[in-house]
K.L.:
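Below: one structure in structure tokens.
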Protein chains: 2
Amino acid sequence: MTHHSDQRAYFFKIDTTIKKIRNALQKRLTDSGFDLTVDQWVLIDHIFRQNGISQNELAELTFKDPPTVTRIIDILQKKGLVERGLAIGDRRKFRLTLTDDGVAIYHAAFPVVAEIRRKGWGSLSEADYQHFVRIMDSIYQNFAEPTGKKA
Amino acid sequence: MTHHSDQRAYFFKIDTTIKKIRNALQKRLTDSGFDLTVDQWVLIDHIFRQNGISQNELAELTFKDPPTVTRIIDILQKKGLVERGLAIGDRRKFRLTLTDDGVAIYHAAFPVVAEIRRKGWGSLSEADYQHFVRIMDSIYQNFAEPTGKKA
DNA sequence: ATCCAATAAAAGGCATGATAATTATTGGTC
DNA sequence: GACCAATAATTATCATGCCTTTTATTGGAT
């Protein structure tokens, strides 16, 4: 039972780090004149890359809850950046697409987001990235339910 | 300009991992019969270890905002787990202490929290922990404001 | 003693995360 | 073709994160 130099702290460290990243990105977006939250950006980014996606699919991809997606889409729709089109063949679903304004915002905000991403990663190496992914995935998997039933 | 195998994903990965940890811990607390959220636990833990701490000090230590601490303390006070005592020499401050019930809850919940922590870290090594800390701290520091003025 | 900037906490507003309950629709089954 | 479990989305509720404004108090300057 090696007691990992205060291994207790990993939750806290991840929590403070993600807050820092969020705050930095939010500040950068706001300072650049974008009326967007980080999560609103995340949805715009996904809709751009998967035009016509439904809300539940979007929820699954972004690891958000359906109610959260509903609310954020409401806001984005009010801002005129996203449209809820009817899906063909299933009247329960919506086909989410970006409006022209939404596409414009996407292209304008992308470089800003990319810059913050680069700034955060800084001079960390490719090897660091592989460590990072391995450790995060490992923690995630350690909490994953044993999927007894496969399809 | 090595393009780090989709280095873009680190925000997303940290975000999903911390959500997973939070959800696992919350579920474990609830299933064990504790009427506590993760953040309420975090404050109880800190008050236990720093008896008499003030709300702002608590906010700083936990990286939460003062308004957030006010609200969580309100809840913990209503639950009878925390008391707001008057600080000596400064009537603006409160001296936060756990009630007897609060102390009992602390001792009862601690092993549960520790178990989840161990489960999450799993078989990751001490070397992994050092990589983890180095990478997280590095990202954090990359966003830290250059503190031009040192006291 | 008086005024004033700074501090501790609270209050109000908006956005998100999570859960539970509800509505509309779908696809099967009998 | 009526019944019913499953699905997509919404609504409601509570807790948290962050920001701004306000109140009470403090300590120092004049």
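Note that the coordinates shown come from a computational prediction; the quantities given were computed from them, not determined experimentally.
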K.L.:
Under 3.5 Å, is there an N or O donor on one side and an acceptor on the other linking the side chain of Arg92(A) and the base of dT26(C)?
P.N.:
no
K.L.:
Mind checking Asp65(B) for me? I need base, sugar-phosphate or nothing, with any heavy atom below 4.0 Å counting as a touch.
P.N.:
base
K.L.:
State which of dA9(C), dT16(C), dA18(C) makes the closest approach to the side chain of Ile72(A).
P.N.:
dT16(C)
K.L.:
For dA8(C) and Arg91(B) - does any side-chain N or O of the residue sit under 4.0 Å from the phosphate oxygens OP1/OP2?
P.N.:
no
K.L.:
Given dC18(D), dA20(C), dG17(C), which nucleotide is nearest the side-chain atoms of Pro67(A)?
P.N.:
dA20(C)
K.L.:
What is the ring orientation for Trp41(B) with Tyr106(B), classed by angle as parallel under 30°, tilted 30 to 60°, or perpendicular over 60°?
P.N.:
parallel
K.L.:
Using only heavy-atom distances, decide whether a donor-acceptor pair under 3.5 angstrom links the side-chain of Arg71(B) to the base of dG12(C).
P.N.:
no
K.L.:
Lys93(A) has a side chain; which of dA8(D), dA8(C), dT16(D) sits nearest to it?
P.N.:
dA8(D)
K.L.:
Toward the 5' end of DNA chain D, which comes first, Glu57(A) or Asn23(A), by nearest nucleotide?
P.N.:
Glu57(A)
K.L.:
I want to check one thing: is the phosphate of dA10(C), taken as OP1 and OP2, less than 4.0 Å away from some side-chain N or O of Gln55(B)?
P.N.:
yes
K.L.:
Which part of the nucleic acid, if any, lies within contact of Gln26(A), taking any heavy atom under 4.0 Å across all strands shown: a base, the sugar-phosphate backbone alone, or nothing?
P.N.:
nothing
K.L.:
Only one of Ile75(A), Leu36(A), Leu43(A) passes side-chain contact (heavy atoms from CB on, under 4.5 Å) with Leu81(A); say which it is.
P.N.:
Leu36(A)
K.L.:
Taking CD1 from Ile88(A) and C1' from dT26(C), how many angstroms apart are they, rounded to a whole number?
P.N.:
16 Å
K.L.:
From the list dA15(C), dG17(C), dT16(D), which nucleotide is the closest neighbour of the side chain of Ile75(A)?
P.N.:
dA15(C)
K.L.:
If you look at every strand shown and take non-hydrogen atoms under 4.0 Å, does Thr70(A) touch a base, only sugar-phosphate, or nothing?
P.N.:
base
K.L.:
To the nearest angstrom, how far is Glu60(A) atom CD from dT7(D) atom P?
P.N.:
12 Å
K.L.:
The side chain of Ser54(A) is closest to which nucleotide in this list: dA9(D), dT25(D), dT19(C)?
P.N.:
dA9(D)
K.L.:
Assuming nearest nucleotide by heavy-atom distance, tell me which of Asp90(A) and Lys64(A) is located more 5' along DNA chain C.
P.N.:
Lys64(A)
K.L.:
Over how many whole Å does the gap from Lys20(B) atom NZ to dA18(C) atom P extend?
P.N.:
11 Å
K.L.:
Once you round to the nearest 0.5 Å, how far does CD1 of Ile73(B) lie from CD1 of Ile47(B)?
P.N.:
4.0 Å
K.L.:
How long is the line joining CZ of Phe34(A) and C1' of dA15(C), in whole Å?
P.N.:
20 Å
K.L.:
Could you check how far CD1 of Ile53(A) sits from P of dA8(D), rounded to whole Å?
P.N.:
12 Å
K.L.:
Heavy atoms from C-beta onward define the side chain here; which of dT16(D), dA9(C), dT26(C) lies closest to that of Thr68(B)?
P.N.:
dT16(D)
K.L.:
Can you measure Asp39(B) atom CG to dT16(C) atom P for me and round it to whole angstrom units?
P.N.:
18 Å
K.L.:
Roughly how many Å is it from CZ in Arg22(B) to P in dT19(C), rounded to a whole number?
P.N.:
13 Å
K.L.:
Could you check Pro66(A) against Phe63(B) and say which one's nearest nucleotide on DNA chain D is further toward the 5' end?
P.N.:
Pro66(A)
K.L.:
Of the nucleotides dA8(C), dT10(D), dT16(D), which one has an atom closest to the side chain of Arg84(A)?
P.N.:
dT10(D)
K.L.:
CG of Asp31(B): more than 12 outside heavy atoms within 6.0 angstrom?
P.N.:
yes
K.L.:
Between Leu36(A) (CG) and dT16(C) (C1'), how many Å, whole number?
P.N.:
15 Å
K.L.:
For dC14(C), take OP1 and OP2 only and decide whether either is under 4.0 Å from a side-chain N or O of Thr37(A).
P.N.:
no
K.L.:
Report yes if some heavy atom in the side chain of Arg134(B) is under 4.5 Å from a heavy atom in the side chain of Asp128(A); otherwise report no.
P.N.:
yes
K.L.:
So Leu76(A) and Leu96(A), do their side chains get closer than 4.5 Å, heavy atoms only?
P.N.:
no
